[in-house]
Amino acid sequence: QLQLVESGGGSVQAGGSLRLSCAASGRSLSSYVMGWFRQAPGKEREFVATINENAKYTTYTDSVKGRFTISRDNAKNTVFLQMNSLKPEDTDVYYCAAGVVYSTKPDRYDYWGQGTQVTVSS
């Protein structure tokens, strides 16, 4: 069973940066598409970014293009989300997810982490 654990969240002022990590255990990440999603209380889970198995392809939601970068290190079984120029509207709980289909839809992902809180103050 694949287990995912996010880290790196925290509080930052607008314009600042954070780097989220998603460490996997139980299986190798190299066979999985990896995604980052975010969710605010009472709202649906929202797609942020995804990366295919060999990091050749990435996709971002429009609101984070040019500010966020998804990457992966399969040798370290870890996926990253570098977040720059953060805005208050980026405040959410961020989740990493693993699946076998390259998709922006959360229901196409099979494994999820517990989430890490990101808070951006103005």
Side-chain angles (χ1 to χ4, degrees):
Q1 188 80 349
L2 181 65
Q3 294 181 325
L4 304 173
V5 178
E6 301 95 337
S7 62
S11 297
V12 63
Q13 289 192 328
S17 298
L18 285 173
R19 189 191 196 204
L20 304 184
S21 298
C22 173
S25 61
R27 291 182 182 176
S28 170
L29 274 186
S30 60
S31 301
Y32 292 93
V33 173
M34 297 300 298
W36 284 97
F37 294 79
R38 60 189 181 186
Q39 188 171 23
K43 292 190 175 182
E44 293 186 354
R45 195 160 291 188
E46 175 192 21
F47 167 75
V48 176
T50 187
I51 187 168
N52 80 317
E53 295 90 331
N54 63 6
K56 185 175 181 180
Y57 301 105
T58 58
T59 301
Y60 299 89
T61 192
D62 286 345
S63 63
V64 309
K65 285 180 181 176
R67 300 189 298 123
F68 291 12
T69 303
I70 188 172
S71 62
R72 65 191 299 160
D73 186 338
N74 287 342
K76 294 184 178 180
N77 236 22
T78 305
V79 176
F80 305 97
L81 185 68
Q82 178 67 44
M83 306 187 295
N84 299 329
S85 302
L86 282 161
K87 304 175 180 180
E89 51 263 43
D90 294 319
T91 295
D92 267 325
V93 178
Y94 283 71
Y95 298 87
C96 71
V100 296
V101 176
Y102 192 78
S103 175
T104 64
K105 306 296 185 184
D107 60 3
R108 302 310 301 268
Y109 289 79
D110 303 306
Y111 302 96
W112 291 84
Q114 82 290 347
T116 186
Q117 177 70 47
V118 171
T119 302
V120 185
S121 57
S122 57

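Every value quoted in this text rests on a predicted model; they were computed, and no experiment measured them.
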Can you give me the closest heavy-atom contact between N84 and S17, atom names plus distance?
OD1-OG, 2.9 Å
Restricting to non-hydrogen atoms, name the atom on M34 and the atom on V79 that form the minimum distance, rounded to 0.1 Å.
CG-CG2, 3.4 Å
Give a yes or no answer on whether the side chain of T116 reaches the backbone of S7 with a donor-acceptor pair at less than 3.5 Å.
no
Y32 side, atom OH; L4 side, atom CG - distance, nearest 0.5 Å
9.0 Å
When you group the ILVMFWY residues by side-chain heavy-atom contacts below 4.5 Å and let the links chain together, are L20 and F80 in the same group?
no
Taking only residues at least two apart or on different chains, which pairs with a member in residues 50-80 satisfy disulfide (SG to SG under 2.5 Å)?
none
Could you check if a side-chain atom of Q1 sits within less than 4.5 angstrom of a side-chain atom of Y111, using non-hydrogen atoms only?
yes
Could you report the tightest heavy-atom contact between P88 and A14, atom names first, then the distance?
CD-CB, 4.1 Å
Taking ILVMFWY side chains as joined if any heavy atoms are under 4.5 angstrom apart, and letting links pass through other members, which residues group with W112?
V33, F37, F47, Y57, V93, Y95, Y102, Y109
I need the full list of salt bridge (charged side-chain N to carboxylate O under 4.0 Å, His left out) pairs touching residues 3-27, with sequence neighbours left out, sorted by first then second residue.
none
What's the shortest heavy-atom distance between T78 and S21, and which atoms?
CG2-CB, 4.3 Å
So if you build clusters from Ile, Leu, Val, Met, Phe, Trp, Tyr with side-chain heavy-atom gaps below 4.5 Å, do V64 and L86 land together?
yes
To the nearest 0.5 Å, what is the distance between CD1 (I51) and OG1 (T58)?
6.5 Å
In the hydrophobic cluster built from side-chain contacts under 4.5 Å, what are the other members alongside V5?
none
Considering only heavy atoms from C-beta outward, does the side chain of L2 approach that of L29 to under 4.5 Å?
yes
Got a sec, which residues hit side chain to side chain donor-acceptor pair (under 3.5 Å) with E89, two or more places apart in sequence or on another chain?
none
Taken in chain and number order and not counting sequence neighbours, the residues that satisfy side chain to side chain donor-acceptor pair (under 3.5 Å) with S28 are S30
Inter- and intrachain pairs under salt bridge (charged side-chain N to carboxylate O under 4.0 Å, His left out), touching residues 91-117, at least two apart:
R38-D92
Name all pairs fulfilling the salt bridge (charged side-chain N to carboxylate O under 4.0 Å, His left out) condition that reach into residues 66-84, sequence neighbours left out, sorted by first residue then second.
R67-D90
Give every residue pair that meets the salt bridge (charged side-chain N to carboxylate O under 4.0 Å, His left out) criterion with at least one member in residues 52-63, sequence neighbours excluded.
D62-K65
Residue pairs passing the disulfide (SG to SG under 2.5 Å) test with at least one member in residues 12-91, sequence neighbours excluded, are C22-C96
Please report the closest heavy-atom contact between T69 and Y60, naming both atoms and the distance.
CA-OH, 3.3 Å
Reported NZ-to-OG distance for the pair K87 and S121, which is rounded to 0.5 angstrom
15.5 Å
Partners passing side chain to side chain donor-acceptor pair (under 3.5 Å) against Q3 (at least two apart in sequence or in another chain):
none
Checking side chain to side chain contact (heavy atoms under 4.5 Å, CB included) for the pair F68/V48: CA distance, chi angles, key distance, verdict?
CA-CA 9 Å; F68 291 12; V48 176; 3.8 Å; yes
Name all pairs fulfilling the disulfide (SG to SG under 2.5 Å) condition that reach into residues 46-77, sequence neighbours left out, sorted by first residue then second.
none
